Amino acid sequence: TAMGGATLTVGYVSDGAAVNGAMNLTDSDDTAAGATISMPMGNMTVAVGFANADTATESETHVGGTVALAAGGGTLTVGMGQASLTAGDATSMGATYAMSLDADTSLSVGYNNTKDAAHNDTTTELSLSRSLGGGASVFFDVLNVSGDADTNALGTAFAIGSSFSF
């Protein structure tokens, strides 16, 4: 739904069981709800979101926001999120810069730091993609995770590949 220059999105999900073709929500234990509002402000776009998910035994709440602005021929997006999880709270902050190098080539660089009760991890990513025409493209991606994450999650990964769409 658009209100002036703002866009509001609201969602609700229930696990209600179908009974004779109708949804029965009275016995529902698992639900999720969320809302976001996004509004342009000059050369920036500001977005704020909220989500909550409940099961019979757990509840999680997420709140976050982003600001995107035109910068140096591309778009700089910065954001922050806070999550209240069953295992404890987590805070995430990050930034991404994306730009077109030419009509067919795009570049994006991202940085994120997430801290929760058990870990403090930093993720850095570089992505480069080029359209070849006819629905085909190639990409190169480098991702580095550092900090005190689980041993299997730390390190650097490279991906080179192609994708086809039709």
Side-chain angles (χ1 to χ4, degrees), residues 1-11 13 32-53 60-85 87-166:
T1 302
M3 301 175 299
T7 301
L8 174 66
T9 306
V10 178
V13 178
T36 61
I37 188 164
S38 175
M39 177 186 289
M41 298 178 148
N43 67 341
M44 299 184 298
T45 300
V46 177
V48 177
F50 168 83
N52 183 295
E60 296 184 357
T61 302
H62 301 263
V63 175
T66 63
V67 175
L69 62 131
T75 302
L76 174 65
T77 305
V78 294
M80 180 178 176
Q82 174 71 36
S84 296
L85 310 170
D89 293 343
T91 301
S92 179
M93 293 182 277
T96 300
Y97 183 75
M99 67 181 296
S100 294
L101 299 177
D102 60 32
D104 299 321
T105 309
S106 63
L107 170 72
S108 97
V109 178
Y111 173 87
N112 181 296
N113 179 263
T114 301
K115 181 174 177 26
D116 62 25
H119 302 293
N120 186 1
D121 307 318
T122 300
T123 303
T124 307
E125 185 171 14
L126 170 79
S127 297
L128 182 66
S129 65
R130 176 152 180 94
S131 173
L132 301 175
S137 63
V138 293
F139 65 86
F140 173 71
D141 195 82
V142 180
L143 175 77
N144 178 270
V145 178
S146 61
D148 59 4
D150 296 329
T151 303
N152 293 335
L154 296 176
T156 302
F158 296 89
I160 299 172
S162 60
S163 64
F164 302 94
S165 60
F166 47 91

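Just so you know, residue 1 is the first one in the sequence shown, and it goes up from there. Remember, it's a predicted structure, so these values are computed and weren't measured experimentally.
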Tell me which pairs pass salt bridge (charged side-chain N to carboxylate O under 4.0 Å, His left out) where either residue lies in [range], with sequence neighbours left out.
{"range": "residues 98-120", "value": "Asp102-Arg130"}
{"range": "residues 154-166", "value": "none"}
{"range": "residues 131-143", "value": "none"}

Q. Which pair of heavy atoms, one from Ala90 and one from Leu85, lies closest together, and at what distance?
A. CB-CD1, 4.5 Å
Q: Please name the pair of heavy atoms, one in Pro40 and one in Gly5, separated by the smallest distance, quoted to 0.1 Å.
A: CD-O, 2.9 Å
side-chain hydrogen bond (donor to acceptor under 3.5 Å, both in side chains) partners for [X], two or more places apart:
{"X": "Asn144", "result": "Thr156"}
{"X": "Thr96", "result": "none"}
{"X": "Thr124", "result": "none"}
{"X": "Thr91", "result": "Gln82"}

Q. Are Leu101 and Leu128 close enough, and set up right, to give a side-chain contact (heavy atoms from CB on, under 4.5 Å), and what steps lead you there?
A. CA-CA 10 Å; Leu101 299 177; Leu128 182 66; 3.9 Å; yes
Q: Can you run down the side-chain hydrogen bond (donor to acceptor under 3.5 Å, both in side chains) pairs that involve residues 32-51, sequence neighbours left out, and say none if there aren't any?
A: none
Q: Please report the C-alpha distance between Met39 and Val46 in whole Å, then the side-chain angles of each, then the deciding distance to 0.1 Å, and finally whether the side-chain contact (heavy atoms from CB on, under 4.5 Å) criterion is met.
A: CA-CA 5 Å; Met39 177 186 289; Val46 177; 5.5 Å; no
Q: For a side chain to side chain donor-acceptor pair (under 3.5 Å) with Ser106, tell me which candidate from Ser100, Ser129, Ser127 qualifies.
A: Ser129
Q: Output the distance between atom NE2 (His62) and atom OG (Ser84), rounded to the nearest 0.5 Å.
A: 8.5 Å
Q | Interatomic distance, Leu107 atom CG to Tyr97 atom OH [nearest 0.5 angstrom] | A | 8.5 Å
Q: Measure the shortest side-chain to side-chain distance between Asn113 and Asn120 over non-hydrogen atoms and say whether it is less than 4.5 angstrom.
A: yes
Which donor-acceptor pairs under 3.5 Å do side chains of residues 70-81 form with protein atoms, sequence neighbours excluded?
none

Q.
Can you list everything that forms a side-chain contact (heavy atoms from CB on, under 4.5 Å) with Ser92? Sequence neighbours excluded, please.
A. Asn112, Thr114
Contacts under 3.5 angstrom, residues 159-166 side chains, donor-acceptor by atom type, not counting sequence neighbours:
unit_1, atom_1, unit_2, atom_2, d
Ser163, OG, Ser137, OG, 2.8
Ser165, OG, Gly135, O, 3.4

(Q) With side-chain contact (heavy atoms from CB on, under 4.5 Å) as the criterion, how do Leu143 and Phe158 come out once you've worked through the C-alpha distance, each side chain's angles and the decisive distance to 0.1 Å? (A) CA-CA 7 Å; Leu143 175 77; Phe158 296 89; over 6 Å; no
Q: Might you work through the side-chain contact (heavy atoms from CB on, under 4.5 Å) test for Thr66 and Val48, ending with a clear yes or no?
A: CA-CA 7 Å; Thr66 63; Val48 177; over 6 Å; no
